Amino acid sequence: MSNPLIKLENVSYKYPNYDVEENNFAVNNVSLEIEKGEFVAILGHNGSGKSTTAKLINLILTADSGKIYVDGKDITDENLTDDDVFEVRKKVGMVFQNPDNQIVATVVEEDVAFGPENLGLPPKEIRQRVDEALEIVNMKEYARHAPHKLSGGQKQRIAIAGTIAMKPECIIFDESTAMLDPQGRKEVMNTIKRLNKEGMTVVLITHYMNEAVMADKVIVMKNGSVYLEGTPNQVFSQPEKLWSAGLEVPQSVELIDKLNKELSLSIPLQVYDSDTCAELIKNELK
Ligand code: ADP
Ligand code: MG
């Protein structure tokens, strides 16, 4: 039986100051499930409702209608207390796009300690959590450094460490690699993959196809709604649909799609690494 960590049922949300059209919802009747330990990527062009969905799960915003469950608890319940909200945020951490906006202290380890301190943990426990979190993101040697002197990728890993130190069950990364250079992006993606391997539930909101293909499940959003959902191969084998949602498709899919059409080949549309892709084309053209 499925036991989702996060479950949305027909969730809608409209910003109070949203003046475009009468029924223009930022999130429109969204239902989705995220299993414990799963790695889910959420894709969608700008304004498709990804961040709003994340904020509804994290209770930064409150749904207008529909139900949201976190670890079985109805967080859209009217009688939710401040303690309940705190519990939800402890369970589901968020890492945002701009690392500079997430750093609060002038020394790395103090920054990472900020969350656990807010949990009111004893100093020994805080120390232990900070060390562990820095170890996980591979930034232990920078514990006494000044965050503002670090690279973007390093800063983002510090922000991730700060979230890990709260011991959440799930982390939602909202375009957390978007402002990084390729090296920083790789560092952060390696950290995210490692966290997931060790059991963390990961929700990765991203623009990058090569990041989304690493996920167990891909959810594509369009105009505030879930437009496509499935394994990376199920989703990326539908390039027309992705293009119509304003998205790119992985290079191997685009190439195979063109070859299939222009040369009447029938190579299955899937995400391939370049070696496999070359091999398939070679065999087909023999
Ligand atoms: P995404 O993260 O996919 O780019 P968002 O969830 O940020 O999309 O936005 C969904 C829709 O809600 C967009 O049309 C956006 O313009 C609108 N929106 C986002 N934030 C606000 C806000 N604070 N006030 C009013 N409208 C907003
Ligand atoms: Mg966004």
Side-chain angles (χ1 to χ4, degrees), residues 6-34 39-68 70 75-76 85 88-89 92-102 152 155-156 159-160 163 170-180 184-185 188-189 192 201-215 217-230 232 235-236 238 241-249:
I6 296 168
K7 181 174 181 173
L8 275 68
E9 275 176 4
N10 308 107
V11 172
S12 295
Y13 180 80
K14 189 157 92 173
Y15 286 94
N17 57 344
Y18 204 63
D19 57 6
V20 187
E21 273 166 43
E22 198 44 32
N23 54 2
N24 208 339
F25 285 89
V27 166
N28 191 358
N29 203 25
V30 165
S31 298
L32 58 87
E33 286 187 13
I34 291 156
F39 180 166
V40 175
I42 303 184
L43 279 173
H45 70 91
N46 274 337
S48 57
K50 306 180 298 295
S51 294
T52 306
T53 302
K55 286 174 184 162
L56 289 168
I57 296 169
N58 208 241
L59 286 173
I60 296 169
L61 299 171
T62 316
D64 292 335
S65 59
K67 290 272 172 211
I68 304 177
V70 172
I75 68 160
T76 42
V85 174
V88 170
R89 299 212 178 124
V92 182
M94 264 185 90
V95 177
F96 297 92
Q97 187 177 90
N98 189 341
D100 290 319
N101 295 345
Q102 298 174 77
K155 280 187 213 167
Q156 202 58 303
I160 295 172
T163 306
C170 172
I171 302 182
I172 303 178
F173 296 90
D174 191 357
E175 310 234 16
S176 306
T177 63
M179 296 183 76
L180 307 179
R185 207 177 301 148
V188 169
M189 277 315 295
I192 293 174
T201 308
V202 166
V203 179
L204 181 75
I205 298 174
T206 184
H207 262 107
Y208 297 103
M209 295 303 135
N210 58 349
E211 293 179 0
V213 297
M214 296 173 193
K217 182 165 86 190
V218 178
I219 295 172
V220 180
M221 291 190 72
K222 184 182 172 188
N223 298 333
S225 300
V226 173
Y227 177 65
L228 275 177
E229 184 178 351
V235 167
F236 294 123
Q238 306 178 68
K241 285 206 168 155
L242 288 165
W243 284 319
S244 87
L247 292 170
E248 291 176 11
V249 301

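Any value given below was found using the heavy atoms of this structure, including those in side chains, with hydrogens, waters and symmetry copies removed. Both counts, for ligands and for their atoms, begin at 1 and track the order of listing. For clarity, every value in this text was computed on a predicted model and none was experimentally measured.
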Student: Working to the nearest 0.5 Å, report the span between CD of Gln238 and CH2 of Trp243.
Tutor: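 Between atom CD of Gln238 and atom CH2 of Trp243 there are 12.0 Å.
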Student: Between Asp174 and Met94, which heavy-atom pair has the shortest distance, and what is it?
Tutor: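 Heavy atoms of Asp174 and Met94 come nearest at CB-CE, 4.3 Å.
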Student: Purely on distance, is any nitrogen or oxygen of Thr52 under 3.5 Å from one on ligand 1?
Tutor: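 In this structure, Thr52 places an N or O atom under 3.5 Å from an N or O of ligand 1.
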Student: Does a side chain donor of either Ser12 or Asn29 reach within less than 3.5 Å of an acceptor in the other side chain?
Tutor: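 Ser12 vs Asn29: no donor-acceptor pair found between side chains.
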Student: Is the distance from the Mg ion (ligand 2) to some N, O or S atom of Ser51 under 2.8 Å?
Tutor: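 So Ser51 does bind the Mg ion (ligand 2) by this criterion.
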Student: Using a strict cut-off of 4.0 Å, indicate which atoms of ligand 1 neighbour a heavy atom of Asn46.
Tutor: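 Reading through ligand 1 atom by atom, the close ones are 4 (O).
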Student: Measuring from atom 3 (O) of ligand 1, which candidate in Lys50, Met221, Lys14 has the nearest non-hydrogen atom?
Tutor: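 Selected option, by shortest heavy-atom distance: Lys50.
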Student: Under 3.5 Å between some N or O of ligand 1 and some N or O of Gly49?
Tutor: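 Such a contact does occur with ligand 1.
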Student: Heavy-atom contact under 4.0 Å between His45 and ligand 1?
Tutor: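 Yes, His45 has a heavy atom closer than 4.0 Å to ligand 1.
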Student: List ligand 1 atoms under 4.0 Å from Ser51, heavy atoms only on the residue side.
Tutor: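 It comes down to these atoms of ligand 1: 1 (P), 2 (O), 6 (O), 7 (O).
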Student: So for Ser48, does at least one of its heavy atoms come nearer than 4.0 angstrom to any atom of ligand 1?
Tutor: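 Yes.
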Student: Are there over 12 heavy-atom neighbours, none belonging to Gln97, within less than 6.0 Å of that residue's CD?
Tutor: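 More than 12 within 6.0 Å, yes.
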Student: Please check if any side-chain donor atom of Thr53 sits under 3.5 Å from a side-chain acceptor atom of Tyr13, or the reverse.
Tutor: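 Absent: no donor and acceptor within the cut-off.
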Student: Would you mind telling me which of Leu180, Leu204, Thr206 makes a side chain to side chain contact (heavy atoms under 4.5 Å, CB included) with Met189?
Tutor: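 Among the candidates, only Leu204 passes.
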